[in-house]
Every structure is written in structure tokens, then in C-alpha cells.
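What follows is a short report on a single structure.
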Amino acid sequence: MRFLLLLAVLGVCWAQYDPHTQPGRTSIVHLFEWRWDDIAQECERYLGPNGFGGVQISPPNENVVIHDPSRPWWERYQPISYKLCTRSGNEDEFRDMVKRCNNVGVHIYVDAVVNHMCGNGVNAGTSSTCGSYFNPGSRDFPSVPYSAWDFNDGKCRTNSGDVENYNDVYQVRDCRLVGLLDLALEKDYVRSKIAEYMNHLIDIGVAGFRIDASKHMWPGDMKAFLDKLKNLNTSWFPEGARPFIYQEVIDLGGEPIKSSDYFGNGRVTEFKYGAKLGTVLRKWNGEKMAYLKSWGEGWAFMPSDRALVFVDNHDNQRGHGAGGASILTFWDARLYKMGVGFMLAHPYGFTRVMSSFRWPRYFVNGKDINDWVGPPNENGRIKPVTINPDTTCGNDWVCEHRWHQIRNMVIFRNVVDGQPFTNWWDNGNNQVAFGRGNRGFIIFNNDDWELSSTLQTGLPAGTYCDVISGDKIDNQCTGIKIYVSGDGLAHFKISNTAEDPFIAIHVDAKLHTKLNDSNFQKQ
Ligand code: QV4
Ligand code: CA
């Protein structure tokens, strides 16, 4: 009885930090702006079979339709109601996606935009994805319903009514983020409406939430609506499972609002991670990969069990949000693959892979004037994700998660799950390697000269397929082979001009010993 009580207490304490991915699945992928029908198919044909744990989806609730500029991606961050009705699909399509993904072991994480409704300056009318009427001027959103009482106009103390100074925690929380009408989250009515929306999604079977603009909400107000959430749907989750919560707080240091203010509610996005990793791989500010030996808390990041990590996100890949020019994206494919490879091999944090659409990036005076461009579309309708014969995506969907190097590193992370960080090696510069116990080993060459070293891998003897240059197929390697001897040592050679200057091996990519093998006979 006592033991059960202890378990229950631990369960309650830890639950919202637990992504509830299926055993052996350790990462999620953000399928930015995908249609629900495409996500359902992707779960069945690709994510389930390749060990992905879940999908972060774009906001599923009704949003404003912006015509000038034409249907920017960011219109989805301007809610009009909590009806499940967007360019990605309607409620039936949403339910079908959640069911089909859950049934193949891939969970859905919803981007919840609950700090605000649409922009203050948007015209009244029915220009919304489900045709709901709204009037920003009079603060009227009858489809929720919200009215003037439910917004923070009376509370905000800035002249513009917008957040003007991030050093003033009151205005960051009580004023409008870039003009977005700020909800009065201290009101129980508003908290209840938000919880009702989220509980609707939980009933359908989602596993958790990214909470947009968390920095702009008081942690206590968030706790109040989070406490109203139900346990996850027992058709797919264990009895008593709490929704996974990860809060979007951009804390690069230097502001009074800290990530740690939000730890009580759930995990928090660690924005230092991508900003620093990009700086290191680009060798800016005298950084080098050798310094990554203490990566994680040693770099003043938040505790690993509170962190949601990523190399880039939908904002900072196009200059929105934070992180700056160091952020690596698919536009810098070679370095990007190394960055994502490093992230997925390293034990720190819960990992999210980005999956983007291509847009006509065009810099004027260092700023991308097309940073607003929405997903691939035909007359405003989002184009389906087509799959090419070589398994890449068509219609301008980048599908980084299908790049074989990234897909194989998602599998690597699953294979080494729970193993310690071991056998670090570096050359004092940009050649580094590390293992994950006796399950996996990875080595990078980001120097301008060849790497050639014999290193301790910690792995059992055998022949391993490098999962970066190829795959193990029918017990053969399609790429580089690495021979680990009985003492765990292996020789590695990586040209600085290699297409991908890194090698990763793990026990599931080890060739089986043949029956007539001398090693086998000795046993
Ligand atoms: C314009 C003016 C404002 C004016 C307002 C008046 O610029 O000065 O007050 O009109 O109505 C868009 C436009 C922005 C426009 C605003 C309101 O870019 O120019 O204001 O709409 O109409 C995304 C985009 C934003 C976009 C927003 C809503 O990035 O550009 O704003 O969607 O459509 C901070 C936050 C962090 C945030 C990050 C971007 O701390 O929380 O900025 N990140 C999240 C999301 C992000 C999203 C939002 C928050 C808002 O990841 O994608 O913003 O939901 O760091
Ligand atoms: Ca707010």
C-alpha cells in the first residue's frame, strides 16, 4: 500500500515531463504546416516503421485568414475560435489522424495557442478558416465566446498596449505580443475555456501540448488551466497518464523571465541548444567541437529532464523568434546533418526534429523579405506531401526527417536509449567522438584536414555498418564498414571533404556472424 502510494506520488510529480512515447521511441518530429491526412499517411508508411515517437502538429484551431500578405504561415498563430478547422483539415480529419497515428505507435502533440487571439489591427468579419465571425476592435469572439472582459486591456500599462520592454515582466505577461489580443488568464472563465479546448483534444487522443508564447503567461495562470486537464485517453495511454507539457519560453539569458520559472508546469524549450550548437559547428566566436565534451548542463543549459531540444524551429529557421544567424537549417544541409546527428547521439534533453517546407528565401540587407511565405499551396489550399521514388518528398516539402542520415540517427537514439555518455575523444579541435555505453558510437570531423584515428568504441567486436554513409540491408553494408576488435578499438578515417564528415555505428547495424566464422566456432 505504502509502495503504491509512493508510485502514485512519483507518477503525479513526473507525469507532465514524460512524453509518453512508446518504449524504444525517443524523438518527435515537427511536421510544420502539414495536412492531417498527410500526417496520418506519414505515421503509417514512415514514422511508425522508423521508430519516431510522435509528431508536433501546427495549431489545429480556427485562425484568421490573412490576405495581405497572402496566407502567411503565421496566420495560424492568430486564433479565432477553438473549432478544429484549419487549412490542415477539419475535425473528422483530425480525429482520423490521431487514431491512425496512435494505432501505429506514433503520438500527436498539439501546438496550443492560448495566450492570445488574433491581432488588434485585423478587420472585423468572417475572414477565418471556418468562417466564424469576430471583431478584434470590440474584442468579440462569439464562437468561443470571449468578449472585452476576457482580455488584458485594463491591466497592460504600456502606451501602445503592446509588449515594449522584455525587462518588465508585467508587460511581457499582460500586454500584447506584437499586437495580439492578450487573454486575461487570471479569470476562471478564460482558464475554463482553454481547458475545455485542450480536454477536447485529450479526449480525441492527443498525448500532449507545446504551449505557445508561455513567456507571455504567468506560470501560476498556466498551472491553473493545466490543473483542469484530464488524464490521457486510456484507449492508447496507461491509466492516470498526464498530458506531456512543453512550454515555449525563449531564454537565452539576460532577461528577468527565466526558463526555470516554468519547470513546475512541465518541460521548457531550450533555445540555447540550437544557438550554441550552430555557433560551434560554424566555428564562430572561437568555438570548437572539442568544447562539446561538457555539452548540456555544463554549458549552463537547464536540467536535461526539463529540456525540449532542437537544432532549429519554425521561427528561427526564418529569422523569427530568437537564436540569430548561427541557427543551422536545411539551407546549410551539410552542417545541419552534423548538428542533428550530434543532437540525436547526445543524451541531453528530449529531442524534436524539424521538418520544413521550402520557400523563396530572399535576403535584402540581411533580412529575408519572404520570411512570411506560407506552405506550398494551390490557390491557398495546402498542397499534399507527395513521395518521390527515392523516398524524398515532392511539392517543396523538405522532409528533413526522411533524409537517411537524420532518419538513421533517430533510430540510433532509440538503440542507445538509457546508455551513458562514454569514451569521449577529441583532437583539441573539431574532431570529436563519443559512445553511448556498449550500444553505439559516433565520430565527427569538422576540421579542415583528414581524421585518421584508432579509438575505443566500447562496442562488442564485429563489423558495423556506418548508418550515415549507408544502411545495413540483408546483412550487408551499403556504405562504410567499421571493424571493432575484441578490445573495443576501431580505426576511423574521415576526409574533411566527405559528403557527410561523420560516422555513426550501433549494435543494430552490426553484421551477423556467419556460421562458418572462426569467432563463432570458438564460442
Ligand atoms: C503588426 C506589427 C505590430 C503591431 C500589430 C498591430 O508588427 O507592431 O502591434 O501589427 O496589430 C504577425 C506579424 C506582426 C503583426 C502581428 C499581429 O509578423 O508584424 O504585428 O502578426 O498581426 C508568429 C510570427 C509573428 C506573427 C505571429 C502572429 O512569428 O511574426 O506576428 O505569429 O501571426 C517572441 C515570443 C515567442 C514567439 C516569438 C516569435 O516570446 O513566444 O517572439 N514565438 C511564438 C511562435 C510564433 C508566433 C507566436 C509565438 C505568436 O513560435 O510562431 O508568432 O503566437 O520571442
Ligand atoms: Ca499574456
Side-chain angles (χ1 to χ4, degrees), residues 30 32-33 56 58-59 61 63-69 71-80 111-123 127-129 136-137 139 150-166 168-187 190-191 194 210-222 225 246-252 254-255 257-259 262 268-269 271 275 308 310 312-324 327 352 354 367-374:
H30 180 20
F32 179 46
E33 285 277 16
Q56 179 185 309
S58 283
N61 64 301
N63 61 265
V64 65
V65 170
I66 304 259
H67 290 292
D68 184 21
R71 310 301 309 265
W73 62 268
W74 46 252
E75 68 174 35
R76 294 185 77 156
Y77 290 89
Q78 303 201 25
I80 294 300
D111 193 347
V113 185
V114 296
N115 169 66
H116 52 263
M117 299 299 279
C118 71
N120 180 36
V122 177
N123 288 331
S127 183
S128 50
T129 49
R139 313 290 190 249
D150 303 318
F151 292 88
N152 273 334
D153 297 284
K155 240 179 154 187
C156 171
R157 294 276 165 261
T158 63
N159 288 329
S160 63
D162 291 350
V163 178
E164 295 171 359
N165 177 359
Y166 275 82
D168 173 356
V169 301
Y170 293 93
Q171 59 173 280
V172 173
R173 268 77 176 252
D174 297 337
C175 296
R176 298 182 305 229
L177 166 62
V178 293
L180 300 162
L181 295 174
D182 205 55
L183 285 165
L185 287 160
E186 86 275 10
K187 289 190 61 182
V190 174
R191 294 170 176 177
I194 291 169
R210 167 202 187 255
I211 307 204
D212 182 70
S214 294
K215 185 191 276 183
H216 305 276
M217 298 184 269
W218 293 95
D221 287 343
M222 292 184 69
F225 69 71
Y246 55 107
Q247 303 159 92
E248 189 226 9
V249 178
I250 304 179
D251 175 4
L252 294 171
E255 282 178 29
I257 297 176
K258 305 270 174 252
S259 295
Y262 292 84
V268 181
T269 51
F271 274 82
L308 186 292
F310 45 95
D312 62 330
N313 80 346
H314 72 281
D315 284 326
N316 64 20
Q317 70 171 196
R318 47 174 53 68
H320 283 237
I327 298 296
R352 179 180 65 195
M354 179 69 202
K367 191 199 176 311
D368 174 14
I369 57 166
N370 285 334
D371 67 342
W372 59 271
V373 172

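All ligand and atom numbering here is 1-based and tracks the order in the structure. Source: prediction; values computed, not measured.
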To which protein heavy atom is [atom] closest, and what is the distance rounded to 0.1 Å?
atom	answer
atom 43 (N) of ligand 1	E248 OE2, 2.8 Å
atom 14 (C) of ligand 1	V178 CB, 4.5 Å
atom 34 (C) of ligand 1	Y166 OH, 3.9 Å
atom 9 (O) of ligand 1	D162 OD2, 2.6 Å

Are more than 12 heavy atoms from other residues, nucleotides or ligands located less than 6.0 Å from atom OH of Y170? no

At less than 4.0 angstrom from any non-hydrogen atom of [X], what atoms of ligand 1 do you find?
X	result
G121	11 (O)
H116	50 (C), 54 (O)
D315	29 (O), 39 (C), 43 (N), 44 (C), 45 (C), 46 (C), 51 (O), 52 (O)
I250	55 (O)
R210	45 (C), 51 (O)
A213	41 (O)
D212	44 (C), 45 (C), 48 (C), 49 (C), 50 (C), 51 (O), 54 (O)

When you compare the side chain of [Y] with that of [X], does any pair of heavy atoms fall below 4.5 Å?
X	Y	value
C118	I80	yes
F310	D312	no
M222	L185	no
K215	E248	no
I250	E255	no
V114	D212	no
F271	I327	no

Would [X] count as a contact of ligand 1 if the rule is a heavy atom under 4.0 Å away?
X	answer
G321	yes
R318	no
R176	no
H216	yes

Give the minimum heavy-atom separation between Q171 and V163, together with the two atoms involved. O-CG2, 3.4 Å

What are the protein N, O or S atoms, given as residue plus atom name, that sit under 3.0 Å from the Ca ion (ligand 2)? N115 OD1, R173 O, D182 OD1, D182 OD2, H216 O

Start with the C-alpha gap between E186 and W218, add the side-chain angles, then the distance that decides, and say whether side-chain contact (heavy atoms from CB on, under 4.5 Å) holds. CA-CA 9 Å; E186 86 275 10; W218 293 95; over 6 Å; no

List for me each residue that meets side chain to side chain contact (heavy atoms under 4.5 Å, CB included) alongside D150, sequence neighbours excluded, and say none if there are none. Y146, S147, K187, Y189, V190

Whether the N115 and R176 side chains hold a donor-acceptor pair (N or O, under 3.5 Å, no angle test) is what I'd like checked. no

Establish, from distance only, whether the side-chain atoms of H320 and Y77 form a donor-acceptor pair under 3.5 Å. no

Under the 4.0 Å line, does any protein heavy atom show up next to atom 19 (O) of ligand 1? no

I want to check a possible cation-pi pair here: R318 against W74, using under 6.0 Å from ring centre and within 45° of the ring axis as the test. no

Can you find an N/O atom of Q78 closer than 3.5 Å to an N/O atom of ligand 1? yes

Is any side-chain N of the basic residue among D251 and K258 closer than 4.0 Å to the acidic one's carboxylate O? no

Closest to atom 47 (C) of ligand 1 (judged by heavy-atom distance), picking from Y77, W74, W73: Y77

